Every structure is written in structure tokens, then in C-alpha cells.
Amino acid sequence: MTEQNEIKDISVVEPLIFELSSPGRRGYSLPELDVPQEELDALLPADMLREEDPQLPEVSEVDVVRHFVRLSQLNHGVDTGFYPLGSCTMKYSPKVNENMARLSGFTALHPYQPENMTQGALQLLYETGEYLKELAGLPEVTMQPVAGAHGEITGMMLVRAYHESLGEERTKVIIPDSAHGTNPATAVMAGYSTVEIPSNENGDVDLDALEEILDDDVAALMLTNPSTLGLYDQNIKEIAQMIHDVGGLLYYDGANANAIMGYSRPGDMGFDIVHFNLHKTFSAPHGGGGPGSGPIVVSDKLAKFLPVPVVSYDGEDYYMDYDRPDSIGKVHTFYGNFGVNIKAYAYIRSLGAEGLKAVAENAVLNANYLQESLKDYYHLEFDRPCMHEFVLSGKNQKREHGVSTLDIAKALLDYGLHPPTVYFPLIIDEALMIEPTETESRQSLDEFIEAMIEIAGDAEEEPEALHEAPINTPVRRLDEAQAARNPVVRWYPEDYAEDD
Ligand SMILES: *Cc1c(COP(=O)(O)O)cnc(C)c1O
């Protein structure tokens, strides 16, 4: 354990704010009344009055601030340490983006204000869409969806509208076994049945298996390229050709576009629809369920089905185009998560085209540096250069020493590091899916490597100790199933009464 980690060995037991309560303590003081005091029961009907005082904590302002700051520090965040959670792109979020999103010209806007008063906001939406079109290599965009999965369902609604406009009722969506879980969930929600295709020995889509299931009932193929294995499918041109030959569409899950930004465009690969996660690739903070933004960019043949309104520009003014009779309708209130779009716009503008390419270069470089440094210690199923992420397997540690990937992940917590994504993708046994992102220095990558190597050594020498990890965190191993099934989110004073 390094010196720095020893400092983290202070477990913090933060009481509930109710336990900090001290009778009569206040967080404010008001000046003397300069009007006659009235009793409440003279002013309000009896049935609107409380019979007992509310059981609120009595605390000072300092108590409140310290309590919540301490709680905030119990959590790991990208502002406190390395966060290589695969497929989640936990890159550092530049603070300048937050400052831009907080400008009062944006925060004080009302979505019902007339277009002549909101030209700046419309311009921002329009231009963000233009940049995404450029990155996708496709001509039309909507900024309305508010998550990756929301972009997916919007995209699949366009797929349905497209086939229906041709008088066709296709029922199948093809999804590789390495796909993110949202892809099959989306296809099913959109009313399709899913057909899974296996990966071949290189981790790419198995073309023979694909050939076998292709027919004119295929509505679309949903693909992530690079895949969740961090591998760029070398046969993408053939795949696109095969799908288009049977009249299907190609959907690109671009949640993590870090690897390809400025280098390769889904439109050029043959895709018809792309969603981007602005909260991943374009650095807006995410986690805990939101807020996100999942715009989709589409080919010409899908343009007329896009949700209304489409933000447009006539060379002089920006405006909302509602006059689109074939539209699938709205998919969100107003124009999506505008605040997240501001952050992505600020990110794109501050990096510029060259900066975005540098993001891709460094994301790929960092991932390959980790892969090469760790593959002698953990099994690597597909030993070829990766893109922005890669997947190790803890299967040797499991088989030889009884140390599971969960043990390894928990042990990392003791180093002050967030673990990688574990047990996903499902096709890798005991998977550890590692995405360092481009915002990490050589030093923080080396610290992670050192920790992973040390844990591999501990697995051999003291496997029992790893079953106990973590030992330095505010809480140890939690019963996650119980927490999900029976969450206790309210506090009742009687549950905590002394004489209980
Ligand atoms: C994160 C992610 C999604 C889903 O994005 P949300 O914004 O969480 O809905 C879809 N596909 C991939 C590959 C992802 O990494």
C-alpha cells in the first residue's frame, strides 16, 4: 500500500443530521419584530395547524455545511480520483463548461419565449447539431433525446417509420452478443424481436452467422464500433453492405465516441443513424441517473421522420421547424436537456477540431498503455490493439486462487481508485472492462497499473485477504440486492429512539 493510500485509512462515521441536533440551536437569527406579534392560531383555522412540533433537526449553519461537505467526501468522483469505468467514459469535466451553462442569459430563459428573444439559444442548439453532423458524417440531427437509451428508442422509432412508409412491416433487429444492454432493451421496447449474433475469434461480428440470419424481415442491425470490447470491427464495410442489401438499416451506438472522434465517421462506415452521448464523449458530468443528452444524427432517407421541432436556420434567423408532416412527433418536453447541450457546445468550441482529434488519440493511447502493462497479469481474450477501452478477465485468479473479479474490484477501493466495470460484456468470463479516458496523466495510469499488479500478487499470496476487501472505505461490502429491493430512504425518529 502506498503512503498516499495510508492517509485514506481514516474511516469516517458521519452521524445523521438528526443525531447532530441540539435543542434550541438555529441556523439563522432574525431581527426584532417591528410590528405587533400575532399568534398563529388567531390567523389560521384549527384544522390547518399542527398539534405537535415538526421533528426537524436543530442545527447551526456551520453544522449543516460541515455535515453535507463530509457526506460529499465519502463518495468517489472523477474530481477526487481515477475512474476507469468501462463504457461510461468518466473523463474529467472541465469547469469552464459549468460556468457557461450558468450564464444568466441561459438560465433565465423560458422555453415559451418567442424565437426573436431566444436567437442565441437556438443558435447554440443549431451549431451543436452541425458539429455532431460533421463528426457523424451524416446530414440531419435532432437534439431532443436526453440519454443514450433515449436516442436509441428515438432512432428505432425512425426505423419503424421508415419501413412503414415503404409499406413494410419488418419484425427483427439484429444485435451482436457484445452489445450494451440498452440495445436489446430498446429494440424490444420499439416492438421488435431481437436476434443475437456471436462474435468471431477476433472479437468482431461473425459474418457467416450474420449471413445466415439475414432476410427481408430484418429492420436493422444495432452495432457499437468500437464494440464494448474496445475493438474496431474490421469488416464494418461488408456488414453495412450485407444489411443494406436486404433493405435493413444500420444503427450506430455512439455512446462512447472518444475513440473515433475526428478520425472515422459512422456515416462513412455505412451507418444510417447514430446517437451520441454528450454526457460521455463531450464531458458533461453524469451518473446517478442524469441529466444527459443523447442527440441522434441520421441519413437523408430518415430526415423527414425526425421529432419536431427541428432547429433550423434560414440564413438570417434561427427558428423551430414544426412543419414536418411525417415526423414521429415529440420525444421530450421542449428541446431536450438544454443545459447539457450548452456544456457539450462549450467543450467542442474550447477544444476545436484539432483538440477533438487529440482527445481520440490520447483516449486510445491511454487504453493501449494500460492493456499492454496489464496483460501479463490478467488474461486478455483478444490480444490486439484496442480503441478507447479494453476488457481483461480475472478468470485465472478465480480458477487458481478463488479470487473473483468482484474481490479485485473491491480491493481497488482500498487504493482510492474506482474499479472498472465488472462482469460486462457478458461474453468475457470474470470481465474487467477498463476505460481510462484521455484526461488521465501518465502518473495516474501508473498508479492504477501498480495497484492492479499488487492485487494480482495478493491473489496468489493472500487470497483470503482479498475476500475481505475493502477495509479502508466508509462502508465495507454492501448487500446490493437488499439495497435495491428494500431501499430505506426515509428517517423516522421513532426508529432511532434511545429506549428501542
Ligand atoms: C452508456 C451507454 C449507453 C446508454 O446511455 P445512457 O445515457 O445511459 O442511456 C448505450 N450504449 C453504450 C455503449 C453505452 O456505453
Side-chain angles (χ1 to χ4, degrees), residues 78-79 87-103 105-107 109 111 118 120-138 140-152 154-155 252-262 265-266 273-298 306-307 310-311 313 318 331-332 334-360 362-363 388 435 437-439:
V78 75
D79 285 355
S87 202
C88 294
T89 312
M90 305 304 286
K91 64 171 74 179
Y92 173 73
S93 307
K95 299 302 169 237
V96 65
N97 303 345
E98 302 297 317
N99 297 344
M100 295 305 110
R102 243 178 253 140
L103 290 174
F106 291 130
T107 54
L109 271 185
T118 55
L122 294 179
Q123 182 178 356
L124 182 140
L125 281 174
Y126 180 83
E127 288 184 4
T128 310
E130 292 298 295
Y131 299 140
L132 297 179
K133 281 154 60 171
E134 180 67 30
L135 288 167
L138 287 168
E140 301 289 334
V141 66
T142 174
M143 303 294 293
Q144 231 178 84
V146 295
H150 196 199
E152 289 174 33
T154 307
Y252 186 94
D253 179 340
N256 323 96
N258 268 27
I260 61 156
M261 233 175 358
R265 309 193 304 172
I273 311 167
V274 177
H275 85 255
F276 287 112
N277 276 27
L278 302 191
H279 48 295
K280 289 180 181 168
T281 307
F282 301 94
S283 86
H286 58 291
S293 181
I296 62 172
V297 194
V298 304
L306 282 173
V310 172
V311 183
Y313 181 56
Y318 298 91
V331 297
H332 197 262
F334 302 113
Y335 323 114
N337 270 338
F338 183 61
V340 181
N341 297 341
I342 300 171
K343 294 175 200 181
Y345 182 80
Y347 181 75
I348 293 171
R349 291 301 298 256
S350 53
L351 284 171
E354 287 309 308
L356 292 179
K357 287 179 83 168
V359 163
N362 288 315
H388 62 297
E435 181 184 9
T437 83
E438 72 285 354
T439 55

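None of the values given here were measured: they were computed from a predicted structure.
Counting heavy atoms from C-beta outward, P285 and V78 have side chains that stay 4.5 Å or more apart. At a threshold of 4.5 Å between non-hydrogen side-chain atoms, the residues E127 and Y318 count as touching.
Remark: the backbone N or O of A284 is not paired with any side-chain donor or acceptor of S93 at under 3.5 angstrom. The closest donor-acceptor contact from the side chain of N256 to the backbone of S87 lies under 3.5 Å. With hydrogens and angles ignored, the 3.5 Å screen pairs a side-chain donor or acceptor of Q144 with a backbone N or O of H332. Of the possible polar contacts, one joining the T281 side chain to the A255 backbone as a donor-acceptor pair under 3.5 Å is found. Looking at R102, its side chain never comes within 3.5 Å of a backbone N or O of T107 through a donor-acceptor pair. Here the side chain of H286 pairs a donor or acceptor atom with the backbone of H279 at under 3.5 angstrom.
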Y347 and L356: CA distance, side-chain angles, deciding distance, side-chain contact (heavy atoms from CB on, under 4.5 Å) verdict: CA-CA 9 Å; Y347 181 75; L356 292 179; 4.2 Å; yes

Test side-chain contact (heavy atoms from CB on, under 4.5 Å) applied to V298 and I273, step by step: CA-CA 4 Å; V298 304; I273 311 167; 3.9 Å; yes

Candidate pair Y335 and L125, rule side-chain contact (heavy atoms from CB on, under 4.5 Å), full reasoning: CA-CA 9 Å; Y335 323 114; L125 281 174; 4.0 Å; yes

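Residue I296 forms a side-chain contact (heavy atoms from CB on, under 4.5 Å) with just one option from H275, E152, H150, and that option is H275.
Using cut-offs of 30° and 60° for the angle between ring planes, the Y126 and Y313 rings count as tilted.
Here the straight-line distance linking atom CZ of F282 with atom CG of N341 works out to 11.0 Å at 0.5 Å rounding. Taking CG of N97 as the reference point, atom CZ of R349 lies at 13.0 Å (rounded to 0.5 Å). Here L278 contributes atom CG and M143 contributes atom CE; the two are 5.5 Å apart, rounded to the nearest 0.5 Å. Rounded to the nearest 0.5 Å, atoms NZ (K343) and CG (N99) are 10.5 Å apart. Annotation: the span from M90 atom CE to T439 atom OG1 amounts to 10.5 Å, rounded to 0.5 Å. Atom NZ of K91 sits about 3.5 Å away from atom CD of E438, to the nearest 0.5 Å.
E435 and T89 share a donor-acceptor pair across their side chains, judged by distance under 3.5 Å alone.
Closest approach of P145 to V331, counting heavy atoms only: N-CG2, 4.3 Å. Annotation for P291 and N337: closest pair CB-ND2, 3.6 Å, computed over non-hydrogen atoms.
By the 4.0 Å N-to-carboxylate-O rule, K95 lies too far from E98 to be salt-bridged with it.
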